[in-house]
Participant: 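I'd like to ask some things about the structure below.
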2 protein chains.
Amino acid sequence: MVVSSGRCFIQEGAPAHDFYVLTGGRAKLFTLMPDGRRQIVGFAELGDFLGLTSSETYAFTAEALGDVTLCRFPHSAIDRLVERFPRLRGRLQKEASSELVKMQSRLMVLGRKTARERLASFLVEQASPCCGHHALHDEQEPITLPLPMSRTDIADYLGLTIETVSRTFGLFRKEGLISVKGASSVTLLAPGVLSDIANGIKRD
Amino acid sequence: MVVSSGRCFIQEGAPAHDFYVLTGGRAKLFTLMPDGRRQIVGFAELGDFLGLTSSETYAFTAEALGDVTLCRFPHSAIDRLVERFPRLRGRLQKEASSELVKMQSRLMVLGRKTARERLASFLVEQASPCCGHHALHDEQEPITLPLPMSRTDIADYLGLTIETVSRTFGLFRKEGLISVKGASSVTLLAPGVLSDIANGIKRD
DNA sequence: CGGCTGTTTGAGCTGTTTCAACACCCGTGG
DNA sequence: CCACGGGTGTTGAAACAGCTCAAACAGCCG
């Protein structure tokens with residue numbers, strides 16, 4: 001199925017009938033508090049499984065960032081699917097535990113890092129799929145990233161306000177660490193330094 | 001195997017040879033930043049699986065809170081185990097996805113909640129296994145909890161400082177919401193109100 | 001060229017942290 | 001039995017990072 005930009009295809013709290021595999025585009029996953037405060041719990045991309053839950057209802061809302069394509073499966077079909085594609089079993093387990101590891105580093109970001117460190121962590125995380133195998137830490141080449149999410153989304157992902165996100169982008173720009181094109185594209189000019197900032201390391 | 005209080009049985013970054021099932025006691029799971037900042041990513045209790053990871057190394061350190069008993073299995077044995085105990089498969093999946101759901105609510109705690117709301121969330125979370133089936137939200141009876149972890153642990157779990165945790169305990173006490181015995185035992189005098197605070201709901 | 005939305009910048013404020021002093025609990029040894 | 005530590009928890013005052021409120025700005029599209 002195809003979901004157009006801004007549409008929600010999973011609703012927090014709704015009965016969890018189906019699960020999805022994302023086959024194109026990206027989506028933001030978030031939860032809300034009764035008074036409207038929002039926390040983005042992740043950005044889904046190609047190959048991610050969404051809507052697997054042990055409870056009766058979805059734990060988050062999923063909204064398309066740009067147009068998204070996905071495959072929908074009823075929860076009840078999961079056993080049949082695994083039977084037909086035995087390798088899926090391993091995928092599911094691997095996906096779950098790698099998501100758990102990511103969550104743990106997100107907890108560190110939200111619980112213990114400063115605004116600078118949070119934004120640096122975000123940029124490094126966004127860059128890591130692009131630069132693949134070799135560690136970004138000692139990457140010297142500039143890396144250009146598309147940022148399909150708004151400043152508000154970044155803020156709600158990092159537990160900050162849009163103003164703080166904007167100001168911190170400004171700082172990084174002034175320090176020559178990044179350069180920004182039109183607010184939806186960044187190039188990391190010094191990935192190694194950003195990675196150090198993300199981990200709270202000061203090199204002098 | 002038995003692990004005595006304060007001992008670490010999983011080291012962050014160490015090669016992940018084994019995984020564990022916790023069969024007695026409780027443990028804290030945490031990650032560290034190079035400069036020593038600490039984030040507790042969870043408290044493990046009876047029946048929890050620890051050390052399952054898709055990568056080569058453990059993502060967190062696990063330290064016993066009081067004495068702990070656990071079963072150790074080499075990672076390589078997991079397939080054989082599942083073969084012998086087919087129901088284990090479901091347990092693993094259920095455990096993983098319920099842990100993911102918990103993680104999402106922890107992200108909300110760390111990213112968007114105030115100190116009051118964080119501590120209330122913590123107390124409600126600690127109480128929920130005790131009061132089981134019926135929702136704690138409209139629970140009127142006082143609930144007494146043991147708190148095996150130190151104030152420092154609570155602070156590192158909630159992304160606060162020990163001083164803020166202590167002050168907030170003081171506030172709750174003054175407001176008649178809890179009563180504290182010797183810093184390692186709390187009774188929730190108004191669980192419903194605490195649950196509302198945890199969710200950012202103000203009732204007047 | 002207006003009008004809309006999203007982003008940046010500025011100034012002042014606030015909740016949480018930091019730093020420091022003090023109180024408590026408890027095991028030890030005089 | 002009680003004074004003495006040492007670790008842990010509490011309380012206070014000052015500082016600061018990030019938030020709030022408000023206004024200016026930049027794209028972007030009709």
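In what follows, chains are A, B, ... by sequence order, proteins preceding strands, each numbered from 1.
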Participant: May I ask you to verify whether the side chain of B/R116 and the base of C/dG15 hold a donor-acceptor pair under 3.5 Å?
Facilitator: no
Participant: Tell me: CD of A/E163 to P of D/dC25, nearest whole Å?
Facilitator: 17 Å
Participant: Whole angstrom is fine here: how far is it from NZ in A/K174 over to P in C/dT8?
Facilitator: 13 Å
Participant: May I ask you to decide whether B/R106 forms a salt bridge with B/E125, counting only side-chain N to carboxylate O separations under 4.0 Å?
Facilitator: yes
Participant: Starting from P on D/dG18, measure out to CZ on B/R112 and report it in whole angstrom.
Facilitator: 13 Å
Participant: Do other residues, nucleotides or ligands put more than 12 heavy atoms under 6.0 Å from the NZ atom of A/K102?
Facilitator: yes
Participant: Salt bridge check: are A/D156 and B/R112 linked by an N-O gap of less than 4.0 Å?
Facilitator: yes
Participant: Over how many whole Å does the gap from B/K181 atom NZ to C/dC26 atom P extend?
Facilitator: 14 Å
Participant: Check the distance between C/dT8's P and A/F172's CZ and give it to me in whole angstrom.
Facilitator: 14 Å
Participant: What residues from residues 146-153 of chain B pass a heavy-atom cutoff of under 4.0 Å to DNA chain D?
Facilitator: B/S150, B/R151
Participant: Find the distance B/L110:CG to C/dT16:C1' and express it as a whole number of Å.
Facilitator: 15 Å
Participant: Can you figure out which of C/dT7, C/dT16, D/dT11 approaches the side chain of B/T114 most closely?
Facilitator: C/dT16
Participant: Could you say whether A/S166 or B/G182 is positioned toward the 5' end of DNA chain C, judged by the nucleotide with the nearest heavy atom to each?
Facilitator: A/S166
Participant: Quick one: do A/E117 and B/R37 make a salt bridge, cutoff under 4.0 Å?
Facilitator: yes
Participant: Out of B/V109, B/I40, B/L110, which residue meets the side chain to side chain contact (heavy atoms under 4.5 Å, CB included) rule with A/L107?
Facilitator: B/L110
Participant: Looking at A/R116 and A/E175, does any basic side-chain N land under 4.0 Å from a carboxylate oxygen?
Facilitator: yes
Participant: Tell me the interatomic distance from B/F169, atom CZ, to C/dC24, atom P, rounded to whole angstroms.
Facilitator: 19 Å
Participant: Whole-Å distance between D/dT11 P and B/I162 CD1?
Facilitator: 13 Å
Participant: If you compare every side-chain N and O of A/T161 against the phosphate oxygens of D/dG18 (OP1, OP2), does one of them come in below 4.0 Å?
Facilitator: no
Participant: What about A/R167: does its side chain form a donor-acceptor pair under 3.5 Å with the base of D/dT20?
Facilitator: yes
Participant: Tell me whether the guanidinium CZ or amine NZ of A/R38 lies under 6.0 angstrom from the six-membered ring centre of A/F30 and within 45° of its axis.
Facilitator: yes
